[in-house]
Amino acid sequence: QVQLVETGGGSVQAGGSLTLSCAASVRTFSAYTMAWFRQGPGKEREVVSSITPSGLRTLYADAVKGRFTIYRDNAKNSAFLQINSLQPEDTVTYYCALRSGQYLSRLETYYAAWGQGTQVTVSS
């Protein structure tokens, strides 16, 4: 059974940075597209970024372009989300997700497995 574990969340001051990590318990991590989503209180979960198995292609939500960077280390079965210039509106729970294949998708329903989420709180 696939398990995803996110770490790296916490409380930071506005303007600070964080790197979220997602460790996956799968046999061939390099076969999976990875994604990060986020969800605020009372809001729907929305895509933040996605990365192909090779790491060569990525997509970002328009709202995070230039501040967020997704990358992966296939040797460590891990994906990462670096977040710079954190703002109070970035105070949400971040989830990682995966699905086998090469396709990048913004759709929550595309992804087959999810982590439990990690909370990021940004204070002004």
Side-chain angles (χ1 to χ4, degrees):
Q1 186 174 351
V2 174
Q3 285 191 320
L4 300 175
V5 178
E6 302 99 332
T7 55
S11 298
V12 296
Q13 294 284 327
S17 299
L18 279 177
T19 298
L20 307 181
S21 301
C22 174
S25 63
V26 292
R27 179 169 293 182
T28 311
F29 183 71
S30 59
Y32 292 86
T33 287
M34 300 297 296
W36 287 94
F37 284 71
R38 64 183 182 182
Q39 186 173 25
K43 296 186 177 181
E44 294 186 355
R45 195 152 51 182
E46 60 180 5
V47 69
V48 173
S49 185
S50 182
I51 188 168
T52 54
S54 66
L56 294 179
R57 291 189 297 120
T58 58
L59 68 80
Y60 292 92
D62 288 343
V64 306
K65 285 180 180 177
R67 290 198 303 124
F68 288 34
T69 302
I70 191 172
Y71 59 99
R72 63 192 294 159
D73 185 340
N74 287 346
K76 295 183 178 180
N77 277 26
S78 294
F80 305 92
L81 185 69
Q82 181 177 342
I83 310 173
N84 298 323
S85 301
L86 279 156
Q87 302 300 316
E89 54 265 32
D90 295 322
T91 297
V92 293
T93 301
Y94 289 82
Y95 299 87
C96 69
L98 67 69
R99 173 167 172 156
S100 61
Q102 302 285 335
Y103 187 67
L104 295 172
S105 176
R106 300 176 185 271
L107 298 178
E108 183 178 355
T109 53
Y110 176 79
Y111 296 92
W114 293 82
Q116 81 290 347
T118 186
Q119 175 70 35
V120 172
T121 301
V122 184
S123 56
S124 58

Original post:
Taking atom CD of Q119 and atom CD of Q39, what is their separation to the nearest 0.5 Å?
Top reply: 10.5 Å
Subject >> Exercise: identify the closest heavy-atom pair between P88 and S124 >> reply: CG-CB, 4.0 Å
**OP:** Check for a donor-acceptor pair, side chain of E6 on one end and backbone N or O of Q116 on the other, with a separation under 3.5 Å.
**Re:** yes
Subject >> Pairwise distance OG(S25) to CG(N77) - rounded to 0.5 angstrom >> reply: 8.5 Å
Original post:
Taking all non-hydrogen atoms of both residues, which atom of I51 and which atom of I70 are closest, and how far apart?
Top reply: CG2-CD1, 3.6 Å
Subject >> Approximate separation, where rounding is to 0.5 Å, of T52 OG1 and R72 CZ >> reply: 7.0 Å
**OP:** Would you indicate whether E44, at its atom CD, is surrounded by more than 12 heavy atoms from other residues, nucleotides or ligands within a distance under 6.0 Å?
**Re:** no
Original post:
Which atoms form the tightest heavy-atom contact between Y111 and W114, and what is the distance?
Top reply: O-NE1, 3.6 Å
Original post:
Which heavy atom of R38 sits nearest a heavy atom of A63, and at what distance?
Top reply: NH2-CB, 4.2 Å
**OP:** Step through it carefully: locate the ring centre of W36, locate the ring centre of F68, and say whether they are under 6.0 Å apart.
**Re:** no
**OP:** Could you list the residues that satisfy side-chain contact (heavy atoms from CB on, under 4.5 Å) with Y110, not counting sequence neighbours?
**Re:** R99, Y103, S105, L107
**OP:** Supply the atom-to-atom distance Q82 CD to S17 OG, rounded to the nearest 0.5 angstrom.
**Re:** 6.5 Å
Subject >> Nearest-0.5 Å distance that lies between atom CG in L81 and atom OG1 in T69 >> reply: 8.0 Å
Original post:
Are the side chain of R106 and the backbone of Y60 linked by a donor-acceptor contact shorter than 3.5 Å?
Top reply: yes
**OP:** Could you list the residues that satisfy side-chain contact (heavy atoms from CB on, under 4.5 Å) with L18, not counting sequence neighbours?
**Re:** V12, L86, V120
Subject >> For R67, all residues meeting salt bridge (charged side-chain N to carboxylate O under 4.0 Å, His left out), sequence neighbours excluded >> reply: D90
**OP:** Report yes or no: do I83 and V122 belong to one cluster of Ile/Leu/Val/Met/Phe/Trp/Tyr joined by side chain heavy-atom distances under 4.5 Å?
**Re:** yes
**OP:** Quick one: closest heavy-atom pair of A24 and L98, and the distance?
**Re:** CB-CD2, 4.2 Å
Original post:
At what distance, to the nearest 0.5 angstrom, does OG1 of T93 lie from NZ of K43?
Top reply: 12.5 Å
Original post:
Centroid-to-centroid, F37 to Y95, below 6.0 Å?
Top reply: no
**OP:** May I ask you to decide if G101's main-chain N or O and T33's side chain share a donor-acceptor pair within less than 3.5 Å?
**Re:** yes
**OP:** Using atom types as modelled and distance alone, determine if a side-chain donor or acceptor of N74 lies under 3.5 Å from a backbone N or O of P53.
**Re:** yes
**OP:** List the atom of L104, the atom of S50, and the distance in Å for their closest heavy-atom pair.
**Re:** CD2-OG, 3.3 Å
**OP:** Spell out, yes or no, whether F80 and L4 are grouped together once hydrophobic residues are joined by side-chain heavy atoms under 4.5 Å, including indirect joins.
**Re:** no
Original post:
Does M34 share a hydrophobic cluster with V2, counting links as ILVMFWY side-chain heavy atoms below 4.5 Å and allowing steps through other members?
Top reply: yes
